[in-house]
Every structure is written in structure tokens, then in C-alpha cells.
K.L.:
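Once you've had a glance at the structure underneath, I'll fire off some questions.
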There are 2 protein chains.
Amino acid sequence: MRQRLKDVAERAGVSVKTVSNVVNGYVHVRPDTRARVEKAIAELNYRPNLSARHLRKGRTGVIALAVPELDIPYFAELARYVVTAAAAYGWTVLIDQTGGRREQERVVASGITDHLIDGLIFSPLALTAEDLAGLDGTPMVLLGERVEHGPADRVVIDNVTAAREITDHLIQLGHRRIAAIGSQRTDEGASARLRLAGYADALRAAGLDYDETLVAPASAWHRADGAAAMQGLLTSGVRPDAVFCFNDTLALGALRVLHEAGLRVPEDVAVVGFDDIEDGRFSIPTLSTVAPDKARIAQLAVELLANRLDGDRAAPAKELSAPYRLELRESTQTP
Amino acid sequence: MRQRLKDVAERAGVSVKTVSNVVNGYVHVRPDTRARVEKAIAELNYRPNLSARHLRKGRTGVIALAVPELDIPYFAELARYVVTAAAAYGWTVLIDQTGGRREQERVVASGITDHLIDGLIFSPLALTAEDLAGLDGTPMVLLGERVEHGPADRVVIDNVTAAREITDHLIQLGHRRIAAIGSQRTDEGASARLRLAGYADALRAAGLDYDETLVAPASAWHRADGAAAMQGLLTSGVRPDAVFCFNDTLALGALRVLHEAGLRVPEDVAVVGFDDIEDGRFSIPTLSTVAPDKARIAQLAVELLANRLDGDRAAPAKELSAPYRLELRESTQTP
DNA sequence: CCATCGTTCTACAACGTTGTAGGCAACGTT
DNA sequence: AACGTTGCCTACAACGTTGTAGAACGATGG
């Protein structure tokens, strides 16, 4: 059976509250009493009941991270960093998968994990600012640009500038017919919109035309979608000499199709991605990409949450920006 | 502020318990009362406090999944399936990363998530049966062969047979100098030991010698470790005509090194992996592998946990086996 | 018309924890 | 010797929920 404070108290011959004081490190406990209690705790293998503690204190020590899909490497890597960053605050992280579906995201946001968690780090795909309005509950930190002007703290990276820079890298290398893969019609694609904007900026700055036939949509951003989009570009007859994929998994799918078509990367077609997932460091060829500082994103998100929890919950929403850098590898440069 | 049953009760003009009955779908509530209560719930946006409910009922509706690392694609994919399978039971899944460190695994097993979770699905790397003995707490389902004859339910796949079959596939193709990557000296590598045994079995059955110089250890099973091991094999001068990597990420690392060495796959060296992660379906070349039925593994694990929670907690530990199949792709066969 | 029964609802206690208020020694100060 | 102060400890209440016991009510059967 599970042991309670009461069991420990009886065994140590003290009151329940004294045991509680020992467990919580309260100062005014005589050394010998403390020792007796600690002995009893050890003998009974006592563990506090977090639900009861939470009920009393209003804190669980658990935060949630909600992402669209765990088997998208970017989110898996991010999850790892969040878990690490949260550990510094003694927090456990509960990970939620929304599938990117608005309904599920709404449920998460409005607190399916009701009262079980102290706060939420949330990477929404489909959620709107309205869904978030009127939410009074759990403190929340948003990742990415999906919800602008929302009521919650945010951590972002400068997608437009990053996309411009990586596109510019392709231009510097002499590429002129640069395709883009990953645009999205729906208004769900906030990242897609910003990266497309950066891409267009770079072309304009270099005096290149923005050619719609070179822009391939991708409803989701998996390898298979990248493969399909690349296939579409090739069969439609437009012949890009470079491709900017809006994330790395799209790029890996594109690499695969280029390989099957007998085109060499980077000699015939250069390819860049976005996210810097581990796969891209070992793919053939290795993948040039925009590398957001995921550790920093996670750390900032956790810090924002910590401040919100300890500080003023009504303070105006803050927005922090995390750095990124370009990782230039074989897919744009011969070794 | 957060709303409680009491607030709803006052607004609806009924007792607290009646609101509780409505929330829990108790039958004997007059339709008009129920409607009034539901109206009040909606107006106040009431959400039950799970901690309080748990304290009272002894159930949280949360289970934990503990894996070594989330950014190992196999575990990320598995996590996805577990979350899906658990949803069928109305459970939320809390995901824990142990890093494969024994100390952390011990903490998780002995219930760091104390009383917060109803059960635990656990994929240990370093834990021993002794660590688990004497644990009376949370019901647990173990994944994999790490802990044999432990006190908990298990879901496994037949690693030895699977390894034998994929090795045999290489032998059937005419390969004779078949290397293995991923063996482990420490007793932590239960999967490694079993896969190595299957590999040796296949060689023996075909009348081939087991050559120690062809067996490369890998302390962890990341891409970088596979790359290092493959590099080691190549520089040591042994010249395998095929490589069995004990998981897919090792294989992807090996593919990369073979590519850098100018060796063609599968013409010069055939490569197989284990796990069937998504990367292997898009790598260049695509990767032949053993494909464990991850969805089934997750489903069985969740079912075992459900039975344990609802049924006899003292019943003898059960062990279930999940199927697998061979996925033969380009890395062993020219298209 | 009364006893009985089922339905609908309420009051109370309890889950395990911690904050608050307070008691009792032992101590130092006047 | 009387006083306040400090250290150590205990008793009690409360967090929000649900199980149990039972009250009030109307319907049913004899």
C-alpha cells in the first residue's frame, strides 16, 4: 500500500505537519526529530502524493508541451530541449500531440489537461487568435508565428529574414531559376507565408522574377509531400536549378525524387531546407539549411513560462526572438 | 478565476453533488435539472479539477511513456502510436526522457511522477531486474528485452529470429563477408545481444564463419555511431560485402560513410537496418530493414496496462509478442 | 388510504497535503 | 521574579472532488 504522511508520522512519533515540514525543508525542526522522520520516510519508502499537494498548493510541477506531431524530427528535437530546459526548474514535461487539427488544438488550449499542469508551451498549426481570446486559464507560451497579436507570450525566429538569407545564398552561387516547395493556400501556414515572403524578397532584391510556376504547394511538410511537390515540378517541365524547401523533411523528400530522376545535387539542382534536423547532417548529399537555435527557443519558452508563473499573470504579452544561422553543406556546394 | 462545482451549483440552484452527478453522467437527474446545470456549466466555462478528482478517486487518466531519447526516430514514432492507442482509453500520455541513464530510469521506475500517473509504459536501456524488484507502486509495462523475468508485463518482438531472417536475406543474395554494426560490451545492450545472436545463427546455418573483425561495436545507436563504426571497418582493412546494422540510424550513418568512401550500395556493399523508421523510406538508397509493427506494440502495451489497472494487480506478469516483417528496399537490391 | 418503492436530490465525510494559529518550553532581558 | 522572544511542535481547516447515507417526493399496488 502507499504510504501517507500520517503513516510516517505515526512511525516517527510526531505530528503529520512535522513530517510535512521535514519533507519541505522547513528550518525549525530539531536535528534529532528530523533524523527520526527521515528514517521513517526511508523505511516506508514514502512518496508525496502530488495530486494532494497540488490541490493544496495550486501547483503541480508539471508543464505541457503541445506539438503537431512527434515524429516530425524538428518537434522531437525541440521536445528534447524543452524537457532539458524544464528540468532546470524541477518541472516534468507532459507532451501532447495535436495532429495540427484545430479542434484538438482548441481542446488543448482550453485546457484538456485541466488543472493538472501549471503551464503550457504550445506550437499551434491551425489555431486562431480568436480561439485563444477569452482563455483565462493556464499560462501559455506560443512557439512560432501562427498566432499573431495573441494574448500570450511568444518565442519566434525571424522567418522572413532567414528565408531571404538562405535564398540569397542560392542566388550568390549563381542560381537563377529557384523553386520553392512548401507554400500553403490555407491561412494555417503562417510559417509558409513568412518563408515565402523572404524568398520573394530575395528574388526581388536580386532583380529576379517571381515565377508562380516555380512555387509548389505542400499541404503537410513530410518527406512524402516534398517528394510529391518535387515530382510535380519536374513533370510540369519547369526546370529549376535550385530548390528552397520550407523545411528539412520536405527537402529530404525532394532529394530523393531528384536522385530518382537522375539529377545530381548540387551540380544540376541545388537544394536547401529549414530546421537543421539531424537527418540533414547525414543525408546524401548533406543538406544546407537554416538552423534555428532550438536549445535557445526551448530555454526562452521555459523562462517566459517561469516568469509568468511566478510573476504578474496580467502583464502584457512578451515576444522574444531566438537566433538562427545558415548551415551550408553539400546540397549547395561540392565538397 | 477558476470555477468550481460550488460556483456552478449556486448558479444552477442545486447542490454541489448534483452538479457532480451531471458532470459524471449519473442517470437519475431530471432532464430539466440537467439542462439547468449544463447551462450553468457552459456559462461559467467550468472544467473539473483533475487533481481533486484524482485525490478522491485514485485515478488521474494520465499514463507515462518513458523512453531513452525522443529524437531517436524509432521512439518518436512509437510515442505517436502510444498516444493514439491511449486516446482510445481516454488517457493522456506524459512522455518522459530517461537518456538511457540508469539513475534516471530508476527514478522514473520508482515513480518520480508520483501518484500523478495511473500507469507507466517503459522502454529501459540500463535498468536491471533488481531495480524493479520491490517496486509495489504504479502498474508498469516494459518494452523490449532489457529486463527479463522482471515483475512486470512486457511487449517484445522476436529479435533473434528477425535478425536471423534479415541476415539470411543477405546470404541468399550471395553475400559472404557480412559485417555487423551495433554490438555492445556492456550488459546494457539486450537488443544488441539478441540481434547479434540472430546474426551468428544465420551465419552458422549457412556454414559461414563468424569473424570477430567483422563485428563493430557502437556504444550508442545514433547516426554518428554508425558512421564511426563503418569508418572503423573500412580503415581496418576488412572488406565486407554487406553490413547488418542493429538499427536504422546506425545504417543511415553507415550509408553516409560508404558514400564518402566511393562505395556503391548495394553493388559494392549491401546494407540492412532494423526498426523501419521513416527516414529509411526516403534515404539514398532506400533502406532494407526489419519492420516491427509499432502500432501493434503500442496497442498491446496500452491493453496490458488497461488490464492491469482494471483487473488483478497481483496477477502473474504477462509477456506478449508483436509481429514484424522484412522491408526489402534498394540498399540490398538494385531497383 | 396507507405502505412500499423508485427517483431525484442533498448533507456529510473523506481523499493527502499544507497554511494558519497557537501552545509550550527554554532562553535572555529587565 | 516577571517578562517577552525564539524555537519547535501540534491541532485544525481548507483545497475541489466524489461515495455513502438518507431525505423528500410522487407513483404504484393492495
Side-chain angles (χ1 to χ4, degrees), chain A residues 1-38 40-41 44-62 90 111 113-118 136-138, chain B residues 1-41 44-62 90 111 113-118 137-138:
Chain A
M1 239 345 262
R2 266 185 174 148
Q3 306 295 337
R4 302 155 304 162
L5 281 183
K6 194 177 164 209
D7 303 310
V8 178
E10 278 166 13
R11 188 175 189 103
V14 295
S15 78
V16 171
K17 189 65 217 297
T18 299
V19 180
S20 170
N21 286 338
V22 169
V23 170
N24 290 282
Y26 181 66
V27 254
H28 294 311
V29 180
R30 269 206 333 265
D32 59 319
T33 310
R34 183 182 296 275
R36 227 169 49 245
V37 170
E38 276 167 353
I41 287 176
L44 295 178
N45 190 29
Y46 166 78
R47 308 255 157 199
N49 179 322
L50 290 192
S51 285
R53 179 179 282 174
H54 176 223
L55 181 60
R56 187 60 240 244
K57 304 226 291 186
R59 286 280 192 101
T60 49
V62 177
T113 44
D114 303 297
H115 304 256
L116 244 191
I117 57 169
D118 296 339
D136 47 351
T138 314
Chain B
M1 239 348 261
R2 262 177 179 154
Q3 306 296 337
R4 302 155 303 162
L5 281 183
K6 195 177 163 209
D7 303 311
V8 178
E10 277 166 12
R11 188 175 190 101
V14 295
S15 79
V16 170
K17 189 66 218 295
T18 299
V19 180
S20 170
N21 286 338
V22 169
V23 170
N24 290 281
Y26 180 67
V27 254
H28 294 311
V29 179
R30 271 208 330 267
D32 60 318
T33 310
R34 182 182 299 275
R36 224 167 55 244
V37 170
E38 276 167 352
K39 182 155 166 286
I41 288 177
L44 294 178
N45 190 28
Y46 166 78
R47 307 258 158 198
N49 180 322
L50 291 191
S51 286
R53 179 178 282 174
H54 175 223
L55 180 59
R56 186 61 239 244
K57 304 225 291 186
R59 286 280 191 100
T60 49
V62 177
T113 44
D114 305 297
H115 303 257
L116 244 189
I117 57 170
D118 296 338
T138 314

K.L.:
Quick one, B/N24 with B/R53, criterion side-chain contact (heavy atoms from CB on, under 4.5 Å). Give me CA distance, side-chain angles, the key distance, then yes/no.
P.N.:
CA-CA 11 Å; B/N24 290 281; B/R53 179 178 282 174; 4.2 Å; yes

K.L.:
Classify every nucleotide of nucleotides 20-28 of chain D by which part a protein heavy atom approaches to under 4.0 Å, writing B for the base, S for the sugar-phosphate alone and - for neither, in 5'-to-3' order.
P.N.:
B--------

K.L.:
Of the nucleotides D/dT10, D/dG19, D/dT17, which one has an atom closest to the side chain of B/L5?
P.N.:
D/dT17

K.L.:
To the nearest 0.5 Å, what is the distance between CG on B/L50 and NE2 on A/H54?
P.N.:
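The distance works out to 9.5 Å.
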
K.L.:
In terms of side-chain heavy atoms of B/V14, which of C/dT18, C/dT10, D/dG19 is nearest?
P.N.:
C/dT10

K.L.:
Is there a donor on the side chain of A/R56 or the base of C/dT17 sitting less than 3.5 Å from an acceptor on the other?
P.N.:
no

K.L.:
Please list, chain by chain and in numerical order, all residues satisfying side-chain contact (heavy atoms from CB on, under 4.5 Å) with B/K39, sequence neighbours excluded.
P.N.:
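B/K39: side-chain contact (heavy atoms from CB on, under 4.5 Å) contacts with B/E43.
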
K.L.:
Between A/D118 (side chain) and A/R59 (backbone), is there a donor-acceptor pair under 3.5 Å?
P.N.:
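Side chain of A/D118 to backbone of A/R59, a donor-acceptor pair under 3.5 Å: no, none is there.
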
K.L.:
Output the residues of residues 21-36 of chain B in contact with DNA chain D, where contact means a heavy atom of the residue under 4.0 Å from an atom of the strand; sort by number or write none.
P.N.:
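When residues 21-36 of chain B is checked for heavy atoms under 4.0 Å from DNA chain D, the hits, listed by number, are B/N24.
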
K.L.:
For the helix from C/dC1-D/dG30 to C/dT30-D/dA1, how many degrees between its two end axes (five pairs per end), to the nearest 10°?
P.N.:
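One end axis against the other gives 50°.
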
K.L.:
Can you figure out which of D/dG19, D/dT17, C/dT18 approaches the side chain of B/K57 most closely?
P.N.:
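Ranking D/dG19, D/dT17, C/dT18 by closest atom to the B/K57 side chain puts D/dG19 first.
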
K.L.:
Hey, does B/R30 have a side-chain heavy atom less than 4.5 Å from the side chain of B/T18?
P.N.:
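No; the side chains remain at least 4.5 Å from each other.
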
K.L.:
Specify the residue among B/L55 and B/G13 whose closest nucleotide of DNA chain C lies further upstream toward the 5′ end.
P.N.:
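First, find each residue's nearest nucleotide; the 5'-ward one identifies B/G13.
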
K.L.:
Going by side-chain hydrogen bond (donor to acceptor under 3.5 Å, both in side chains), name the residues that satisfy it together with B/K57, two or more places apart in sequence or in a different chain.
P.N.:
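Result, side-chain hydrogen bond (donor to acceptor under 3.5 Å, both in side chains) vs B/K57: none returned.
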
K.L.:
In whole angstroms, how far is the P atom of C/dA14 from the CG atom of A/N49?
P.N.:
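Answer to the nearest Å: 18 Å.
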
K.L.:
Using whole Å, report how far NE2 of B/H54 lies from P of D/dT17.
P.N.:
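It is 15 Å, rounded to the nearest whole Å.
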
K.L.:
Roughly how far, to the nearest 0.5 Å, is CG of B/N49 from CZ of B/R56?
P.N.:
14.5 Å

K.L.:
Drop me the distance from A/Q3's CD to A/N45's CG, to the nearest 0.5 angstrom.
P.N.:
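Reported to 0.5 Å precision, the distance equals 8.0 Å.
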
K.L.:
On the nucleotide D/dC9, are OP1 or OP2 found under 4.0 Å from the side-chain N or O atoms that A/T18 carries?
P.N.:
no

K.L.:
Please tell me if A/R53 has a side-chain N or O lying less than 4.0 Å from either OP1 or OP2 of C/dT18.
P.N.:
yes

K.L.:
Give me each pair satisfying ring pair (Phe, Tyr, Trp, His ring centres under 6.0 Å) with a member in residues 5-26 of chain A, each pair once, sequence neighbours excluded.
P.N.:
A/Y26-A/H28

K.L.:
In whole Å, I'd like the distance from the CD atom of A/Q3 to the P atom of C/dG16.
P.N.:
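Interatomic distance, CD of A/Q3 to P of C/dG16: 11 Å.
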
K.L.:
Starting at CG of B/L5, measure out to CG of B/N21 and round the result to the nearest 0.5 Å.
P.N.:
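So the gap between those two atoms works out to 10.0 Å.
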
K.L.:
Between C/dG16 atom C1' and A/E10 atom CD, what is the distance in whole Å?
P.N.:
14 Å

K.L.:
Between A/S15 and D/dC9, is there a side-chain N or O to OP1/OP2 distance below 4.0 Å?
P.N.:
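No, because none of the side-chain N or O atoms of A/S15 sits under 4.0 Å from OP1 or OP2 of D/dC9.
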
K.L.:
Report the distance from atom CZ of B/R11 to atom CG of B/D7, rounding to the nearest 0.5 Å.
P.N.:
10.0 Å

K.L.:
Hey, could you give me the CZ/CD1 distance between B/R34 and B/I41, rounded to the nearest 0.5 Å?
P.N.:
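One finds 9.5 Å between CZ of B/R34 and CD1 of B/I41.
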
K.L.:
Can a side chain N or O of A/S20 be found less than 4.0 Å away from OP1 or OP2 on C/dT17?
P.N.:
no

